[in-house]
Amino acid sequence: MEIVFFFILDVVITGAFLWAAGKVTTVQVGYKEGVICVGASSLLALIPGIGWILSIIALFYLLKDFTGASVWPDLILLVLVTKFLSFIAFTALIGL
C-alpha cells in the first residue's frame with residue numbers, strides 16, 4: 001500500500017512541476033499527455049537501482065513523442081527542471 005501512495009504522490013508532484021516547467025520553457029504539454037508521461041516515468045522510477053535513469057529517459061522520450069518540441073533547449077530543460085524540482089520536493093517531504 002505504501003508503494004501505491006508513493007506512486008500517486010510522485011505523479012501528482014512531478015505532474016505539477018511538469019506543468020510549471022512547461023509554462024517556463026513554452027512547451028505546450030496537455031493534461032492528458034502530461035499524466036501519461038509522468039505516470040510511465042513514475043512506474044519506471046519504482047525499479048530499484050536503475051529506475052531513476054529509466055524514468056528520465058522515458059519522460060524525455062514520451063514528451064518528445066507527444067509535444068514534438070525541439071530537443072535542445074526545450075525538452076532537455078523541461079525534463080531537467082521537472083526532475084530536479086520533483087527531487088527537491090520529495091527530499092523536503094522525507095525530511096518532515
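Worth knowing before you read on, the calculation uses all heavy atoms, side chains too, and leaves out hydrogens, waters and symmetry mates. Count residues from 1 along the sequence. These numbers were taken from a predicted model, which means no experiment stands behind them.
Of all the heavy atoms in Val38 and Leu59, the pair that sits closest is N-CD1, 4.4 Å. In terms of heavy atoms, Phe6 sits closest to Phe90 at O-CZ, 4.5 Å. Smallest separation of non-hydrogen atoms from Val11 and Gly39: CG2-CA, 4.0 Å.
Contacts of Leu44 classified as side chain to side chain contact (heavy atoms under 4.5 Å, CB included), with partners at least two apart in sequence or in another chain: Ile47, Leu54, Ala58. Listed by chain and residue number, Thr14, Ser42 satisfy the side chain to side chain donor-acceptor pair (under 3.5 Å) test with Asp10 (two or more places apart in sequence, or in another chain). Annotation: side chain to side chain contact (heavy atoms under 4.5 Å, CB included) contacts of Leu93 (sequence neighbours excluded): Leu9, Ile13, Leu96.
Contact annotation: the side chain of Leu43 approaches that of Phe7 to within less than 4.5 Å [non-hydrogen atoms, C-beta and beyond]. Side-chain atoms of Val29 and Phe66, non-hydrogen and from C-beta on, never get closer than 4.5 Å to each other. Annotation: side chain of Trp19 is in contact with side chain of Lys23 (closest heavy-atom distance under 4.5 Å). Side-chain contact between Ile76 and Phe60 is present, with heavy atoms from C-beta onward closer than 4.5 Å.
Rounding to the nearest 0.5 angstrom, the gap separating the CZ atom in Phe84 from the CD1 atom in Ile88 is 4.0 Å. To the nearest 0.5 angstrom, Ile57 atom CD1 is 9.0 Å from Ile50 atom CD1. Going from atom CG of Leu75 over to atom CG of Leu63 covers 6.0 Å, rounded to the nearest 0.5 Å. Here the straight-line distance linking atom OG1 of Thr25 with atom CG of Asp74 works out to 6.0 Å at 0.5 Å rounding.
Under the 4.5 Å side-chain contact rule for hydrophobic residues, Val27 and Trp72 share a cluster. Val12 and Ile36 fall into different hydrophobic clusters, where Ile, Leu, Val, Met, Phe, Trp and Tyr are joined by side-chain heavy atoms under 4.5 Å apart, directly or via other members. A continuous path of ILVMFWY side-chain contacts below 4.5 Å connects Leu46 to Val4, so both sit in one hydrophobic cluster.
For residues 49-69, the side chain to side chain donor-acceptor pair (under 3.5 Å) pairs, not counting sequence neighbours, are Ser41-Ser55, Ser55-Lys83.
Membership of the apolar cluster around Val35 extends to Tyr31, as traced through chained side-chain contacts below 4.5 Å between ILVMFWY residues. Leu77 belongs to no multi-residue hydrophobic cluster, having no ILVMFWY side-chain contact under 4.5 Å with any other such residue.
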